[in-house]
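Since the structure comes first, as structure tokens, the remarks are kept for the end.
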Amino acid sequence: MARELAKQYDPKSVEDRIYGFWLKGKYFHAKCELNKPTYTIVIPPPNITGQLHMGHALDNTLQDILIRFKRMQGFDTLWLPGTDHASIATEAKIVEKMRQEGLTKEQIGREGFLTRAWDWKKQYGGRIIEQLKKMGSSCDWDRERFTMDEGCSKAVKEVFVKLYEKGLIYRGERIINWCPHCKTSISDAEVEYEEQAGHFWHLRYPFRDGSGYLELATTRPETLLGDTAVAVNPNDDRYRDLVGKTLILPLVHREIPVVADEYVEMDFGTGVVKITPAHDPNDFEVGLRHGLEVINVLTEDAKITADYPKYAGMDRYEARKAIVADLEAEGALVKTEEYSHNVGTCYRCGTTVEPRVSKQWFVKMKPLAEPAIEAVKNGETKFVPARFEKIYFHWLENIRDWCISRQLWWGHRIPAWYCADCGKITVSKEEAKVCAHCGSEKITQDPDTLDTWFSSALWPFSTLGWPEETEDFKHYYPTNTLVTGYDIIPFWVMRMMFSGIEQTGQVPFDTVLIHGLVRDSQGRKMSKSLGNGVDPLEVIDKYGADALRFSLATGNSPGNDMRYIDERVEASRNFANKLWNAARFILMNLHSEEVLPLDPAAFALEDKWILSKLNTLISGVTENLEKYELGMAIQKLYDFIWDVFCDWYIEICKSRLNGPDEQAANTARSVLIAVFTDILKLLHPFMPFITEEIWQSMPHEGEALMIAEWPKFAAEYEFAAEEADFEKLMAVIKAVRNRRAEMNVPPSKKAKVCIETKFPEVFAAGNAMICRLAYASEVEVGEQFESEGTVRVITDSAVVYMPMKELVDIEAELARLQKDLQKAENDKEFFERKLNNPGFVSKAPAAVVEQQRAQLDKALEKLAMLRAGIAEMEKMK
RNA sequence: GAAGGCGUAGCUCAGUUGGUUAGAGUACCUGCUUGACAUGCAGGGGGUCGGUGGUUCAAGUCCACUCGUCUUCACCA
């Protein structure tokens, strides 16, 4: 007798033990088996500052399902894990912690800061990894990587130098997005726009020659200090004659020209725009076209520079107030309007971004974007669902050069040195000692680091050992599936695509599986500020990891957002418990730990039925998984396990298991084990812990369920006819139960069941089952029965009489039969109408027509039986 | 301004290339201490798939228009 299981499934007593068992068996470890096809996933590396949230839980559940499925299918699978150094986020956290200690970066210096950062990484970097393990993630932990480890750093330098040498990385003075709080540049993708209430200040700038004023409007009067022109549209008749004239800038009293530029919209505002090239991206462009001076009026923390003593040291908003007041005093303020506009904010800290001109490193995007667009257009890489390709194309087609330098210390330092003698730049993979141009030793390395996403972009190949031609790289690259949320397509997916193509000549993955966001029960985004986040670890603690995984994988389609609803996890927990109890039932009824061989000659009708249904399940689930239809796969499993297997098959087996015929009981045992074992295998990718635990307790062959072979469709267990026959029995049982329930007959009150049918052998075979499931005292099958004093139910294959004299109310029975008759007549009419439609019969596929004809036949059968029954009853009245 | 998602039972959502008279979970109602499971069993009520029009033998599924809702991108100072 196998191990006794507890009455309820207790995830806590199972999960850590099973995870340890898997680790001990090294089942997660990819062995580079050259004779097998490979299947590779690289994890989207969570930030070292991060804590597991529902997004990770979803992302990792999906990856684990895929990897476990492929592993069981016999692929050489690698799921490569790791973490991201998350330069800006991590640095911000460390700086904040230092602030609490009264320290600043400058005080402890770069070296001291980096020591702290690495300590931080050591302390917290492992936390999220441990949390991923709680989810059951079967990552190859022996291959765990970090974006700043030696190998990844080497790849970063390699790529930087290669792109620099190709002219695809350059350094230039451009207007970039600057975060005054993080004190670094950020890329376009890192700016989030939000609607903010503001003002529209109408100002007038006087002409130098005293010929009046030009009126314009601005939302940012403080940038007036840096105005170097005023622009109008060249086609604007109102202002055509004014182009080329000179204005006096209020407050500053600098002379600035009126220029003509297409950028100005004639019908917006007054059709006149002040131009501040240093603090507005559009103005910067205008400035370039007209050779305007760029005057920076703000410091790196967005305060007015010392060049304007009156306002120096004021931050942007103070300065705005002061300047508006002064403009008013000077008579330059015409009026103030309420105005709502979009303001760019830093995606990390939410501070309003300040466009700023500075010297930064950029990646030239056009030449890189084109092959990346092409690779998706020609299908080398596919998005699931395909609609996300549009987002991908949209980003790549409208892409601007990527600002990759960050004024941060935590990250990959830019491998560029500046020569104090010749002024040229030396870019090198190795630590440069002398200037590559003049040999001078007076060189200093660029203090900046690279955008975090620069290293993430290389993740699919840097983690496999590239630029070395390692075994792993040769064997596992390109990878197969990338699983991620739609929100990071522009940050990450796109950049991995062009980096992979440029560096390795191959797309980094063949499929991008996109999922949505996990929202709260009201559909709001989970966020720290709202405090509506649900901690996956708490959910695991309450319901178990399998229940959480099951909930996340069910009931939503790829790419769509989903809500986290506690009740759903509870339902998943109940499902786990159902499975657990099915296992308990089987175990209680076994006499040995042997796997009993199947003997098709001994199969009962129900055995053939369940095996046939199992076949359908195996094909369906496998196909769904291969097409990334995880939700549909799991729905099929749920229905099969609960409905087909537990509610019907197990119930039916009870007769044989408790009966006197030991051989029949053994047949039932053998089929129970066989079907249940396949169920465990099919369910394993979704609910790995409980299935492994049960499998280990059941008779089994092999070491572990997680490395067992994925079930295959078995042609020898195709029993279509038997399946249909069995369903005739089910129909009768359901009909009897239904009628009994309607009449409020308790299960304890058994009744004889007489079945009048054209399929006597089928119903004879189902005798025991009908007794058990239709609460029958005995079952008689025959051609004709005495109907007087009986309750009758009619299916499409049988008329069932139950002698229940005391309950029979002829009028009520008649009414019920009439109702059934009406329904059957409607059915008949429905199918007849269809089949009488010449268009349908001639154009619809034969199989569909056949199906409808069969339905009609069934309806006709039933109709005939109902009519006969009613006629008989009328006589009894 | 542009692109896209969503709108199916009270609630949360499935519904694969158009093809049995639309499904699940949950909630609700009625029964049930049926020795795997009350985290259970049996039965039931409840949607015509936002609206209008079209294509088709056939539409929740395709097309057009429309209403509501959400998201992303862009943006006029």
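Chain letters run A, B, ... following the sequence lines, proteins first, then strands; residues in each count from 1. Worth knowing before you read on, the calculation uses all heavy atoms, side chains too, and leaves out hydrogens, waters and symmetry mates. Since this is a predicted model, take the numbers as computed values, not measurements.
By the 6.0 Å contact criterion, NZ on A:K636 is enclosed, its count of non-hydrogen atoms from other residues, nucleotides or ligands being greater than 12. Open room surrounds NZ on A:K382; 12 or fewer heavy atoms of other groups in view lie less than 6.0 Å from it. Atom CZ of A:R524 is surrounded by more than 12 heavy atoms from other residues, nucleotides or ligands within 6.0 Å.
Under a 4.0 Å N-O distance rule, the pair A:K335/A:E337 qualifies as a salt bridge. The pair A:D520-A:K525 does not meet the salt-bridge criterion, since no charged nitrogen lies less than 4.0 angstrom from a carboxylate oxygen. Checked for salt-bridge contact, A:D820 and A:R816 miss the test: no charged N lies under 4.0 Å from a carboxylate O. Ion pair A:R220/A:E222 flagged as a salt bridge, since at least one NZ, NE, NH1 or NH2 atom sits closer than 4.0 Å to an Asp/Glu carboxylate oxygen. Between A:E825 and A:K862 there is no salt bridge, since no side-chain nitrogen of the basic residue lies less than 4.0 Å from a carboxylate oxygen of the acidic one.
Between B:U8 and B:A22, the two C1' atoms lie 8 Å apart (nearest whole Å). For the C1' atoms, the distance from B:G45 to B:A3 is 43 Å, rounded to whole Å. Comparing B:G51 with B:G10, their P atoms are spaced 14 Å from each other, to the whole Å. With P as the reference atom, B:G4 and B:U66 are 15 Å apart, rounded to whole Å. When the C1' atom is used for both B:G44 and B:A27, the distance is 14 Å, rounded to whole Å. Remark: the separation of the C1' atoms in B:G18 and B:G54 is 15 Å, to the nearest Å. Nucleotides B:G68 and B:G31 are separated by 47 Å at their P atoms, to the nearest Å. When the C1' atom is used for both B:C70 and B:U26, the distance is 24 Å, rounded to whole Å.
Separating the OG1 atom in A:T795 from the CD atom in A:E727 is a distance of 12.5 Å, to the nearest 0.5 Å. For the atom pair A:L214 CG and A:T270 OG1, the distance stands at 7.0 Å (nearest 0.5 Å).
In this structure B:U56 sits in no base pair that meets the Watson-Crick or G-U test at under 3.5 Å. Using the Watson-Crick or G-U wobble rule with both distances under 3.5 Å, B:A2 pairs with B:U72. The pairing partner recorded for B:U48 is none, the criterion being a Watson-Crick or G-U wobble arrangement whose two distances lie under 3.5 angstrom. As the counterpart of B:G23, B:C13 is assigned, both hydrogen-bonding distances of the Watson-Crick or G-U wobble pattern falling under 3.5 Å. In this structure, B:A36 forms no base pair with any nucleotide, since neither Watson-Crick nor G-U wobble geometry is met with both distances under 3.5 Å.
Contact annotation for A:D827: base contact, defined as any heavy-atom pair under 4.0 Å involving a base atom. Residue A:F645 is classed as having no contact, given no heavy-atom separation below 4.0 Å to the nucleic acid. No contact: A:L773 has no heavy atom under 4.0 Å from any strand. Nucleic acid contact for A:P845: base, since at least one base atom lies under 4.0 Å from a heavy atom of the residue.
Computed from coordinates, the A:L552 CG to B:U12 C1' distance equals 14 Å when rounded to whole Å. B:U39 atom P lies 9 Å from atom CD of A:E570, rounded to whole Å. Put simply, CE on A:M588 is 11 Å from C1' on B:C37, counting in whole angstrom units. Rounded to whole Å, atom C1' of B:A38 lies 19 Å from atom CH2 of A:W580. For the pair A:F491 CZ and B:U72 C1', the interatomic distance rounds to 12 Å; values are reported in whole Å. Rounded to whole Å, the distance from CD1 on A:I641 to C1' on B:G40 is 17 Å. When the P atom of B:G44 is taken as reference, atom CZ of A:R739 falls 12 Å away, rounded to whole Å. Atom CG of A:D188 is separated from atom C1' of B:U72 by 15 Å (rounded to the nearest Å).
Closest to the side chain of A:M632, out of B:G15, B:U21, B:A77, is B:G15. Residue A:N738 has its side chain nearest to B:G44 when only B:A74, B:G44, B:U12 are considered. Side chain of A:N624, nearest nucleotide from B:U21, B:U16, B:A77: B:U16. Closest approach to the A:K654 side chain among B:A77, B:A36, B:G15 is made by B:A36 (side chain taken as heavy atoms from C-beta onward). The side chain of A:D647 lies closest to B:C41, out of B:A36, B:U16, B:C41. Here the side chain of A:Q852 is nearest to one of B:U21, B:A77, B:A42, namely B:U21. Residue A:F585 places its side chain closer to B:A36 than to any other of B:G43, B:A36, B:A77. Minimum atom distance to the side chain of A:Q8 is reached by B:U39, of the listed B:U39, B:U21, B:A36.
Of the side-chain N and O atoms in A:Y9, none sit less than 4.0 angstrom from OP1 or OP2 of B:C37. Phosphate contact (OP1/OP2 of B:A77, side-chain N/O of A:T219, threshold under 4.0 Å): absent. Proximity of A:K578 to the phosphate of B:C41: a side-chain N or O atom is located under 4.0 Å from OP1 or OP2. A:K636 has no side-chain polar atom (N or O) that falls below the 4.0 Å cut-off from OP1 or OP2 of B:A14.
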Give every pair of a protein N or O atom and an N or O atom of nucleotides 23-34 of chain B that lie under 3.5 Å apart, one pair per line with the distance.
unit_1: B:A24; atom_1: O2'; unit_2: A:Q635; atom_2: NE2; d: 3.4

Would you tabulate the pairs of protein nitrogen or oxygen atoms and nucleotide nitrogen or oxygen atoms of nucleotides 3-11 of chain B closer than 3.5 angstrom?
unit_1: B:G4; atom_1: OP1; unit_2: A:K390; atom_2: NZ; d: 3.0

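Ring geometry, A:F645 versus A:F676: the interplanar angle falls under 30°, so the pair is classed parallel (tilted spans 30 to 60°).
Not less than 6.0 angstrom separates the ring centroid of A:F388 from the ring centroid of A:F383.
Under the stacking definition used here (centres under 5.5 Å, planes under 30°), the residue A:F830 qualifies as stacked on the base of B:U21.
In this structure a side-chain-to-backbone donor-acceptor pair under 3.5 Å is present from A:R238 to A:M266.
For A:E651 against B:A36, a side-chain-to-base donor-acceptor contact under 3.5 Å is present.
Checking A:S557 against A:N581, the closest nucleotide of RNA chain B that is more toward the 5' end is the one next to A:S557. Comparing A:R220 and A:T554 along RNA chain B, the residue whose closest nucleotide (by nearest heavy atom) sits nearer the 5' end is A:T554.
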